[in-house]
> 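For reference, the structure I am asking about is given below.
Below, chains carry the letters A, B, ... as their sequence lines are ordered, and counting in each starts from 1.
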Amino acid sequence: MANKVYDHKAIEKKWQDIWESSRCFEAKNDATLPKYYALIEFPYPSGDGLHVGHPRSNTALDIISRKRRMEGYNVLFPIGYDAFGLPTENFAIKTKTHPAIITKRNIDRFRSQLKRLGFSFDWSREISTADPSYYKWTQWIFLKLFEHGLAYKKEMPINFCPSCKIGLANEEVVDGNCERCHNPVIRKTLNQWMLRITDYAQRLIDDLDTVDFIEKVRTQQINWIGRSEGAELNFKVDGTDEVIRVFTTRPDTLFGATYMVLAPEHPLIAKLADKITNMPEVQEYQRSAAKKSDLERSALSKEKTGVEIKGIKAINPATKQPIPIWISDYVLITYGTGAIMAVPAHDSRDYEFAKHFSLPIVQVVAGGNIDEEAYTDTEKGTMINSGFINGLEVKEAQARMIEWLVSEGIGERKVNFKLRDWVFSRQRYWGEPIPLVYCEKCGWQPIPESELPLELPEIDDFYPADDGTSPLSRATEWVNTTCPKCGGKAKRETDTMPNWAGSSAYFIRYCDPHNDKEFVSKEVADYWLPVDWYNGGMEHTTLHLLYSRFWHKFLYDIGIVSTPEPYKKRTSHGLVLGENGEKMSKSRGNVVNPDTIVDEIGADAFRLYEMFMGAFDQPIPWSTTGAKGCKRFLDRVWRLQDMLIDKHAENGIRDCLKVSIHSTIKKVSEDYERMKFNTAIAAMMSLVNDIYSVGSVTYDELKTLIILLYPVAPHICEEINENMGYTEPLHHTKWVEYDESALVENTVEMAVQVNGKVRGKINVASDAKQDEIEKIALASDEVKPFIEGKTIRKIIVVRNIVNIVV
RNA sequence: GCGAAUGUGGUGGAACGGCAGACACAACGGACUUAAAAUCCGUCGGGGCGACCCGUGGGGGUUCAAAUCCCCCCAUUCGCACCA
């Protein structure tokens, strides 16, 4: 007899030990086996330890991994740590402890927490991005990018706190103020390393058609890259040789361009300083704009601000009329050319600006009500007030205008992307050193590959230098080196790489994590890649996903990998919220620690609840009592052992459970694949309820149930399997198939509707013909009162509904 | 401001355009127990004694049939780089 309640602590420990010692979840680099590569986003080992959000993604792909093994695949389900990063560095500064020590401590904690949850990771391939044997290859990829001209230096602004003398991440800027000292943050310009991701913009859009990403992820990638077609053209600055170059998606509206706007950082302002009559005013505006963060400039300014640049005018190439030039921070230096032609009649932001500063508004497309708002429709409208394109429709006018611009040498067709190049420098200690050296004679030089990894130097003080440069600049011995090219005196780059670097190709390194000769062997990469299924959070669907696709494409171009896309399939999970429905956070005091839950109800029940709590892709509030309900279900499964019928007396699947079991196999098999874990579990609960109603269970019936349940709750299922006397563990057992013919019942219940309202039920043979069904429905006692004395106009028989229209 | 999503019982949620509320949680009633826990059985959207009627954020529409499709509105959440 089994105990009423199973001892989750003993059982889970037992099976975790067996899995670890038998190394049964280690993937084999054997190309003769069918492979499956399941990937979760590796965690950032924060000081707070694992939270209940992590297991949601992990359990989902653990279910898939375990099911795939039972289906005969050689499965790679790896784990590692994205270990470089800001929080660790800040903690290091605060506690005067080396970030490497903190990182090791955090990783150890994460590892033990993950192991307690019984995920079937291949622990032999564990990696950490902060490990020199790993970041050697991050640096190697950077050198390849540099070698291929995809890394370059550019003046870029950073958030800088003048009081703390430290560069800040956007995250550390709160309402324009420094998160620590609350003083205003300014924008300081530094010469930084950039990666040319924009070279890949078109391919990053096009190749989305070749992969299976959930729709919202795909949409977000496309919107982020932001392709737009239009024209780039020059406006002459009157009385000078200078031109203002602009990009527009609406070349058709050129006749309506009544003024121009430059971004505050536009270089032309300095160039024409001697012509500008109100320079102090302009400079004052530039200074105030520099104080604003990107976020402020974009979000907060309902009210448009700006200053007219007096003393210079631009010439509208279509009307030949002089138009004023303004400076305003609603124009961004980072997008397009950093200057726009303003067409207030047909762009809402220009309209708002023109109204605010009483600038002329000239309508050039008929339609809308220009007195009220800009008319922005690009689908319909006829050109007016537009010289040679008058009377044309918008689309036609665009084509015609571009033709004209080209023939006059004023401009040309142009595709523009919102996507910007990737700022790759950080003025921080806890990141990969950038493996370049600056020589006065030879310029920037890569260090030889043989010197990789370029390890972080040991320093005591991780605080950035007073001028905002990286703490590495204080490691004088490390910084001063010789030029790899000429052998003369040279200095190392002291900026480090961003957090994103280590996570941009980690899934490739998992294929061959111990290779110290190359990043990955071609053979092994060809076997494992692409990743078959990648699940992660929505918060990474723009940056990380795009960066890693970019790196992968680059590695494809230089022949390291053989697939243009890294991930065949990408899905996303919803956030686990606190019990109060708010985002879990320390400050809200609603954080749930998985350790206490596992202690109380065990890993199996915890995993089960994480999957049962709601739709996988939706954010769901945590409920500890709900989790306990899942433990109750597992206890119920456990007690089925008491109902077992002697194997020799009766076995097989009995008729009383045949339909129930086969439909559950079908439902569970399909729902796991569609990530509908909550309904898969509900189906198993129903099956258990059915077995309880029957009152007994055969070996084959129970075996089927525990095979279905095993991917979610592996420990208890292995234990029951062993108790039943099976010597082969479930992870070596074949997945169950359902029998289509067993799903069909002899009779089906159909609802009979009269004018769409259910009035009765009938039972008919499942192979009954339509006219037979109609006859039975019309004769039904429940239905009769509703059709008597009425004319039957139509009878519709669909699936399990009969609708009588009277 | 832009973009995306969501809105169903006390709660989490089910529902290829086809019987709204599966499966759970909570609550309540009962059995078992000296008692409690556990377990088992039952009730559980609202109204009506009842036949029935009303119900998926609100208002229209399409359809034999709408939580589901279309239009308008409201609310909430998330993301954001005013994207020219």
> Nearest to the side chain of A:Phe612 - B:C52, B:A84, B:G12?
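Closest of the options to the side chain of A:Phe612: B:G12.
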
> Could you please name the option among B:U6, B:C19, B:C83 that lies closest to any side-chain atom of A:Gln618?
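In terms of side-chain proximity for A:Gln618, the closest of B:U6, B:C19, B:C83 is B:U6.
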
> Under 4.0 Å, counting only non-hydrogen atoms across every strand here, what does A:Asn223 touch: a base, just sugar-phosphate, or nothing?
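It contacts sugar-phosphate atoms only.
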
> Sticking with atom C1', work out how far B:G7 lies from B:A67, rounded to a whole angstrom.
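Going atom to atom, C1' in each nucleotide, I get 11 Å.
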
> Give the nucleotide from the list B:A81, B:G18, B:A20 with an atom nearest to the side chain of A:Ile801.
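Output: B:G18.
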
> If you compare every side-chain N and O of A:Tyr335 against the phosphate oxygens of B:A84 (OP1, OP2), does one of them come in below 4.0 Å?
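Answer is yes, contact under 4.0 Å.
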
> Report yes or no: is the cationic atom of A:Lys757 (NZ for Lys, CZ for Arg) under 6.0 Å from the centre of the six-membered ring of A:Phe786, at an angle within 45° of the ring normal?
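No, a cation-pi geometry is absent between A:Lys757 and A:Phe786.
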
> Answer yes if the side chains of A:Gln202 and A:Arg227 hold a donor-acceptor pair under 3.5 Å, and no otherwise.
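Their side chains do contain a donor-acceptor pair, which is all the 3.5 Å distance test asks for.
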
> Between A:Gly629 and A:Ile796, which residue's closest nucleotide on RNA chain B lies nearer the 5′ terminus?
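Counting from the 5' end, the first nearest nucleotide belongs to A:Gly629.
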
> Would you give the length of the straight line joining atom CD1 of A:Ile309 to atom CD1 of A:Ile327, rounded to the nearest 0.5 angstrom?
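The distance works out to 5.5 Å.
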
> B:C25 and B:A51: how far apart are their P atoms, nearest whole angstrom?
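One P to the other, the span is 31 Å.
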
> OP1 or OP2 of B:C83 versus the side-chain N and O atoms of A:Arg349: is any pair under 4.0 Å?
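Indeed, a polar side-chain atom of A:Arg349 lies that close.
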
> Could A:Lys631 and A:Glu600 be called an ion pair, given the rule that one side-chain N must be under 4.0 Å from one carboxylate O?
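Looking at A:Lys631 and A:Glu600, the cut-off is not met.
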
> Please tell me which of the listed nucleotides, B:A14, B:G12, B:C83, lies nearest to the side chain of A:Leu332?
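Ranking B:A14, B:G12, B:C83 by closest atom to the A:Leu332 side chain puts B:C83 first.
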
> Is there a residue in residues 683-692 of chain A whose heavy atoms reach under 4.0 Å of RNA chain B, and which residues are they?
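By residue number: A:Met685, A:Ser686, A:Asn689.
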
> With a 4.0 Å cut-off on heavy atoms, is A:Ile340 in touch with a base, just the backbone sugar-phosphate, or nothing at all?
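Base contact.
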
> Pick the P atom in B:G13 and in B:C78, then give their distance to the nearest Å.
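That atom pair is separated by 16 Å.
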
> Of all residues at least two apart in sequence or in a different chain, which pass the salt bridge (charged side-chain N to carboxylate O under 4.0 Å, His left out) check with A:Glu41?
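A:Arg570.
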
> Take A:Leu608 and A:Phe606, measure what side chain to side chain contact (heavy atoms under 4.5 Å, CB included) needs, and give me the verdict at the end.
CA-CA 5 Å; A:Leu608 188 73; A:Phe606 177 75; over 6 Å; no

> So do A:Leu195 and A:Asp421 actually touch side chain to side chain, heavy atoms under 4.5 Å?
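No, side chains not in contact.
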
> Identify whether the distance between the nearest side-chain nitrogen and carboxylate oxygen of A:Glu412 and A:Arg245 falls below 4.0 Å.
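A:Arg245 and A:Glu412: salt-bridged.
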
> Test side chain to side chain donor-acceptor pair (under 3.5 Å) on A:Ser663 and A:Tyr738 and set out the steps.
CA-CA 7 Å; A:Ser663 59; A:Tyr738 63 92; over 6 Å; no

> Once you round it to whole Å, what is the distance between C1' of B:U11 and NZ of A:Lys628?
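Answer to the nearest Å: 16 Å.
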
> Can you tell me how far P in B:C41 sits from the matching atom in B:G47, rounded to whole Å?
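Going atom to atom, P in each nucleotide, I get 28 Å.
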
> Quantified in whole Å, what is the P atom distance between nucleotide B:C83 and nucleotide B:U76?
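24 Å, rounded to whole Å.
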
> Regarding A:Tyr330 and A:Asp350, is there a side-chain donor-to-acceptor distance under 3.5 Å anywhere?
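Yes, side-chain donor-acceptor contact under 3.5 Å.
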
> Side-chain N or O of A:Arg639 versus OP1/OP2 of B:A38: is the shortest distance under 4.0 Å?
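For B:A38, neither OP1 nor OP2 has a side-chain N or O of A:Arg639 closer than 4.0 Å.
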
> Are the charged groups of A:Asp7 and A:Lys9 less than 4.0 angstrom apart, N to O?
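No salt bridge links A:Asp7 with A:Lys9.
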
> Give a yes/no answer on whether the side chain of A:Lys216 brings an N or O atom under 4.0 Å of OP1 or OP2 in B:A4.
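Answer no for this pair, as no side-chain N or O of A:Lys216 is under 4.0 Å from OP1 or OP2.
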
> Locate the shortest heavy-atom distance separating A:Pro324 from A:Leu359; write the atom from each residue and the value.
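Where A:Pro324 meets A:Leu359 most closely, the heavy atoms are CG-CD2, 4.3 Å.
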
> Can you identify which nucleotide, out of B:C40, B:A26, B:C64, has its nearest atom closest to the A:Arg632 side chain?
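Taking heavy atoms from C-beta onward, the closest nucleotide is B:A26.
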
> Touch check for A:Arg759, heavy atoms < 4.0 angstrom, all strands: base, sugar-phosphate only, or nothing?
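It contacts sugar-phosphate atoms only.
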
> How is A:Phe417 classified with respect to the nucleic acid when contacts are heavy atoms under 4.0 Å: base, sugar-phosphate, or nothing?
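A:Phe417: no heavy atom of the nucleic acid under 4.0 Å.
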
> Can you check each nucleotide of nucleotides 43-50 of chain B against protein heavy atoms at under 4.0 Å and return B for base, S for sugar-phosphate only, - for none, in 5' to 3' order?
--------

> Looking at residues at least two apart in the chain, or sitting in another chain, which of them share a salt bridge (charged side-chain N to carboxylate O under 4.0 Å, His left out) with A:Arg196?
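For A:Arg196 there are no salt bridge (charged side-chain N to carboxylate O under 4.0 Å, His left out) partners, ignoring immediate neighbours.
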
> Taking OP1 and OP2 of B:C83, is either one under 4.0 Å from a side-chain nitrogen or oxygen of A:Arg227?
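Checking B:C83 against A:Arg227, no side-chain N or O comes under 4.0 Å of OP1 or OP2.
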
> Sequence neighbours left out, what passes side-chain contact (heavy atoms from CB on, under 4.5 Å) with A:Tyr692? Give chain and number order.
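Counting only residues at least two positions away or on another chain, A:Tyr692 forms a side-chain contact (heavy atoms from CB on, under 4.5 Å) with A:Arg636, A:Arg639, A:Leu640, A:Met643, A:Val688.
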
> Are A:Lys666 and A:Glu670 ion-paired here, with the side-chain N under 4.0 Å from a carboxylate O?
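A salt bridge is present here (some side-chain N lies under 4.0 Å from a carboxylate O).
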
> B:G59 and B:C54: how far apart are their P atoms, nearest whole angstrom?
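14 Å, rounded to whole Å.
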
> Under 4.0 angstrom, heavy atoms only, what part of the nucleic acid is A:Val805 near: base, sugar-phosphate, or nothing?
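Sugar-phosphate contact only.
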
> How far, in whole Å, is B:G57 from B:A15 if one measures between their P atoms?
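The answer is 16 Å between these two P atoms.
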
> Look at the side chain of A:Val331 and decide which nucleotide, out of B:C80, B:C19, B:A84, has an atom nearest to it.
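Between B:C80, B:C19, B:A84, the one nearest the side chain of A:Val331 would be B:A84.
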
> Give a yes/no answer on whether the side chain of A:Asn678 brings an N or O atom under 4.0 Å of OP1 or OP2 in B:G12.
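No, outside the criterion.
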
> For RNA chain B, produce a single dot-bracket line, 5' to 3'. Pairs: Watson-Crick or G-U wobble, both distances under 3.5 Å. Symbols: ( ) within strand, [ ] crossing, | other strand, . unpaired.
(((((((..(((.....[....))).(((((.......))))).(((....)))..(((((..]....))))))))))))....

> Starting from the 5' end of RNA chain B, give me the residue, A:Pro621 or A:Glu782, whose nearest nucleotide shows up first.
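Of the two residues, A:Pro621 wins.
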
> Looking only at side-chain atoms of A:Lys757, point me to the closest of B:C54, B:G13, B:C64.
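The answer is B:C54.
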
> Can you tell which of B:C83, B:A14, B:C52 lies closest to the side chain of A:Phe786?
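Among the listed nucleotides, the one closest to the side chain of A:Phe786 is B:C52.
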
> Please classify B:G9 as syn or anti, treating any glycosidic angle within 90° of 0 as syn.
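In terms of base orientation relative to the sugar, B:G9 is syn.
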
> Check every strand shown and say whether A:Gln753 touches a base, only sugar-phosphate, or nothing at a heavy-atom separation below 4.0 Å.
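Base contact.
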
> Using a heavy-atom cut-off of 4.0 Å across all strands, would you classify A:Ala615 as base, sugar-phosphate, or nothing?
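The answer is sugar-phosphate, as A:Ala615 gets under 4.0 Å only of primed atoms, P, OP1 or OP2.
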
> When the P atoms of B:G30 and B:A22 are compared, how many Å lie between them, rounded to an integer?
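Their P atoms lie roughly 25 Å apart.
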
> The side chain of A:Ile620 is closest to which nucleotide in this list: B:C83, B:C19, B:G12?
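Output: B:G12.
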
